[in-house]
Amino acid sequence: MIAPARVLPSSRRAERVIRATRALVHGTIVLLALARGARAQGASGTTVTPAAADLDLVYSASRYAQEAREAPASVTIITAQEIREFGYRTLADVLGAVRGFSTRYDLNYDYVTVRGLARLGDFNTRILVLVDGQRTNAAVSDVSNIGTDGLIDLAWVHHIEIIRGPGSAQFGANAFFAVINIVTGRSHGDSGGGRAEAQVGSFGTYAGKLAWGTPAGGSSEFMIAGSAERRGGTDRYYPEFDTPATNNGVAQGLDGEESWRLLSKGRSGDWSFEGAYAFRRRSVPTASYATDFNVMLQTYDREGIANVSYSHSFTDLSRLTVTGAFNQVWYNGDYPYGPTTLTDEQRGNIWSLDAQYLRVVGPGHKITVGSELRWVSDGQQSVVDVTPNAPDVVVFTDIRSQLVGAMFAQVEWRLGEHALLTTGVRHDEYQGIGGTTNPRVALVLRPTDQTTVKALYGTAFRPPNDYELYYQDGITQKAPLSLTPEHVHTAELEINQRVGGLTATVSAYSVATSDLINLKTDPADSLLVFANEGSPTTRGIELELRGHVGPFTGRASYAWQDAQEGDGTQPVDSPGELARVGIATPLLGDRASVALEVRHTGARPTLNGTDAPAYTAVNLTLLAHPLNRHMELMLGVKDLFNAGHVDPGGVEHVQNVLAQDGRTLRIGFRRSF
């Protein structure tokens with residue numbers, strides 16, 4: 001099967017977009033009708049269960065648990081039930097479903113654009129990804145893996161916290177546009193036991209998963225899980241390489257991958273531990289970085305984390321938490337150039353010690369103080385020339401270590417029953433770079449039990465990483481003469497209104513950046529190089545309706561995003577609008593459920609000045625329990641109408657746009673015991 005890398009004819013494309021857009025509109029009308037029905041029932045029309053109330057708590061907005069509507073940030077929580085109902089497989093799938101986020105895939109890695117701001121060549125360094133509160137962004141390159149290379153299988157996730165806006169006042173570097181916290185484990189009250197799952201799907205995909213754990217919610221808990229997946233892939237056609245010398249543009253057998261993951265965690269009293277490890281091997285068909293076309297290009301990604309934490313609550317309601325953590329990320333790429341293969345490698349270890357003290361003072365004021373010490377040891381990157389029948393040649397090697405220290409404080413002022421003021425600040429000191437201080441201020445007003453108004457302001461920074469500063473392979477990329485840290489300032493006003501079981505959200509924001517680092521081509525020698533290039537801004541409005549009425553649960557959102565470079569042009573890979581609708585409902589009582597999701601992404605500029613066309617994808621997931629709740633069958637279809645779409649290519653690609661998979665099918669079976 002050949003997946004063509006060309007845009008659909010305009011008439012067919014327009015017809016499919018119109019058809020899917022109608023589905024989007026119809027889905028929105030359904031949710032609006034539900035909202036009207038809920039308004040007629042009154043505020044007492046829906047009862048929130050204890051489990052649902054527990055999922056209204058968020059940790060990563062303030063580094064302690066609080067109600068999402070009181071958090072000093074714009075927050076979205078995606079639950080395990082939503083992940084299962086809508087068939088999300090990766091963190092990129094989840095992020096692409098929420099307001100203000102869009103994703104791009106270059107047939108190797110997934111990338112995220114937040115509120116219209118993106119930089120090609122950025123490996124998601126401007127979002128901070130946490131696993132149960134532990135930083136996972138890598139040493140050397142700050143990369144955060146959100147695709148099939150991600151650390152955590154979503155089958156083990158309790159919920160995912162998405163915190164929009166700068167988070168450097170709490171977490172330091174990389175918390176630039178957003179903080180994502182993946183919370184693993186079982187729901188409170190889960191009776192424990194094991195779970196086995198098997199899946200098959202399009203393009204020769206096979207997956208298996210196992211998990212076992214003790215009952216959740218007791219004084220001691222333990223969980224262990226593992227998963228493995230393989231994709232055979234497909235042949236892909238690229239007209240940019242359509243010559244007899246390059247197999248007429250067909251990359252054969254170069255679209256496969258395999259991955260596996262492990263997770264273990266436990267808690268006893270005040271002590272807890274966690275360890276996770278992931279491996280992925282990916283074959284890349286795009287001939288990126290001027291490599292030979294239709295020749296095996298492979299990348300390998302390994303990531304592991306471990307932590308031990310002590311958390312004790314005192315009788316005066318204060319709490320002390322101390323965590324020691326370790327993170328290791330290893331990357332290797334084999335890039336073919338004629339008889340030579342360039343082996344590209346990055347690896348590094350991060351050791352960290354974090355202490356935090358929380359105290360409740362007076363009528364509900366909360367004071368948090370803490371410190372963090374992070375040691376990046378032996379961050380190594382290298383390029384080795386491997387040629388048959390010749391000794392290996394080291395083209396480039398660089399090994400560095402760095403010490404980072406930080407202190408932070410936050411005060412949550414409770415101003416009566418209807419107002420909450422949060423002020424926070426953090427100072428980070430980087431060995432060899434210097435220090436930076438970042439504040440945040442948030443005023444949360446609750447004039448009624450059903451209404452919340454948030455006024456938010458914050459700043460964030462990101463220092464250049466070792467990859468951006470020092471990498472050079474001698475063929476395609478060179479090191480810059482110098483780079484300076486990036487900064488961002490964000491102001492936002494958000495209004496939330498509950499009506500029965502639904503919540504309506506309106507958010508308006510303004511984001512100003514300075515000195516963003518971008519990968520570009522130097523016209524003097526045609527080599528890629530990182531540079532502080534531009535200070536783009538973005539402003540926008542987001543509308544969302546989410547919740548449940550009767551048997552229906554869902555989320556509908558629309559985002560208008562006006563991102564601009566300094567010269568007034570729209571950034572590459574920046575959609576001007578995003579629309580999302582997702583509705584799930586049970587069938588046959590509680591024996592089955594169906595979930596329909598519609599995603600519309602506006603046109604996005606590409607590097608050559610044209611646009612990657614707007615597209616609308618419709619996804620469908622069916623779950624069935626034919627015998628009992630311990631057995632589940634799953635059928636998932638992505639891009640139900642096979643509309644297809646293309647994503648912008650990067651500066652490392654000959655292709656201006658890269659065609660994505662069309663309709664894909666996945667069938668699964670899960671058994672609990």
Q: Is it true that Asp378 and Arg347 have a side-chain N and a carboxylate O under 4.0 angstrom from each other?
A: no
Q: Among all residues two or more places apart in sequence or in another chain, which pass the ring pair (Phe, Tyr, Trp, His ring centres under 6.0 Å) test with Tyr310?
A: Trp271
Q: I'd like to check Thr136 versus Leu130 (side-chain heavy atoms, cut-off strictly below 4.5 Å). Are they in contact?
A: no
Q: Indicate whether the side chain of Arg280 and that of Thr148 have a donor and an acceptor atom separated by less than 3.5 Å.
A: yes
Q: May I ask you to decide whether Arg186 forms a salt bridge with Glu221, counting only side-chain N to carboxylate O separations under 4.0 Å?
A: no
Q: Quick one: list whatever passes side chain to side chain donor-acceptor pair (under 3.5 Å) with Tyr109, sequence neighbours left out.
A: Asp301
Q: Please list, chain by chain and in numerical order, all residues satisfying ring pair (Phe, Tyr, Trp, His ring centres under 6.0 Å) with Phe673, sequence neighbours excluded.
A: none
Q: Are more than 12 heavy atoms, taken from residues, nucleotides or ligands other than Trp413, located less than 6.0 Å from that residue's CH2 atom?
A: no
Q: Who are the side-chain contact (heavy atoms from CB on, under 4.5 Å) partners of Arg400, not counting sequence neighbours?
A: Asp398, Asp466, Tyr470
Q: Applying ring pair (Phe, Tyr, Trp, His ring centres under 6.0 Å), can you list everything that pairs with Phe326, at least two apart in sequence or on another chain?
A: Trp351
Q: Heavy atoms, side chains only, cut-off 4.5 Å: are Ser272 and Ser311 in contact?
A: no
Q: Tell me, do Ser557 and Glu542 make a side-chain contact under 4.5 Å, heavy atoms counted?
A: no
Q: Would you check if Tyr331 and Phe123 make a side-chain contact, meaning some heavy-atom pair closer than 4.5 Å?
A: no
Q: Using atom types as modelled, flag every donor-acceptor pair under 3.5 Å from a side chain in residues 452-462 to any protein atom, sequence neighbours excluded.
A:
residue: Lys454; atom: NZ; partner: Ala68; partner atom: O; Å: 2.9
residue: Lys454; atom: NZ; partner: Ala71; partner atom: O; Å: 2.9
residue: Lys454; atom: NZ; partner: Ala73; partner atom: O; Å: 2.8
residue: Tyr457; atom: OH; partner: His489; partner atom: ND1; Å: 3.0
residue: Thr459; atom: OG1; partner: Asn438; partner atom: OD1; Å: 3.0
residue: Arg462; atom: NE; partner: Glu486; partner atom: OE1; Å: 3.0
residue: Arg462; atom: NH1; partner: Thr125; partner atom: OG1; Å: 3.4
residue: Arg462; atom: NH1; partner: Glu468; partner atom: OE1; Å: 3.3
residue: Arg462; atom: NH1; partner: Glu468; partner atom: OE2; Å: 3.4
residue: Arg462; atom: NH2; partner: Glu468; partner atom: OE2; Å: 3.0
residue: Arg462; atom: NH2; partner: Glu486; partner atom: OE2; Å: 3.1

Q: Answer yes or no: is there a side-chain heavy-atom contact under 4.5 Å between Tyr430 and Pro463?
A: yes
Q: Tell me, please, which residues at least two apart from Ala584 pass side-chain contact (heavy atoms from CB on, under 4.5 Å).
A: Glu85, Phe86, Thr553, Ala595
Q: Are Glu372 and Arg374 ion-paired here, with the side-chain N under 4.0 Å from a carboxylate O?
A: yes
Q: If the condition is side chain to side chain donor-acceptor pair (under 3.5 Å), which residues does Thr315 pass it with, not counting sequence neighbours?
A: none
Q: Are any of the side-chain heavy atoms of Glu544 and Arg555 separated by less than 4.5 Å?
A: yes
Q: What I'd like to find out is whether the side chain of Met223 reaches to under 4.5 Å of the side chain of Thr214, using heavy atoms alone.
A: no
Q: Please determine whether a side-chain nitrogen of the Lys or Arg among Glu412 and Arg414 lies less than 4.0 Å from a carboxylate oxygen of the Asp or Glu.
A: yes
Q: Around atom CD of Gln81, are there more than 12 heavy atoms of other residues, nucleotides or ligands at under 6.0 Å?
A: no
Q: Measure from the side-chain N and O atoms of Asn137 to the backbone N and O of Val129, and report whether any donor-acceptor pair falls under 3.5 Å.
A: yes
Q: Any side-chain heavy-atom pair from Arg99 and Arg115 closer than 4.5 angstrom?
A: yes
Q: Could you pull out all residues at least two apart from Ala278 that satisfy side-chain contact (heavy atoms from CB on, under 4.5 Å)?
A: Leu151, Arg261
Q: Give me the atom names and distance for the closest heavy-atom approach of Val360 to Gly364.
A: CG1-CA, 4.2 Å
Q: Can you tell me which residue pairs pass the salt bridge (Lys or Arg N to Asp or Glu O under 4.0 Å) test with a partner in residues 151-172, sequence neighbours excluded?
A: Asp153-Lys209
Q: Who passes ring pair (Phe, Tyr, Trp, His ring centres under 6.0 Å) against Phe408, sequence neighbours left out?
A: none
Q: For Glu67, enumerate each residue passing the side-chain contact (heavy atoms from CB on, under 4.5 Å) test, keeping only those at least two apart in sequence or located in another chain.
A: Leu57, Arg69, Glu70, Arg446
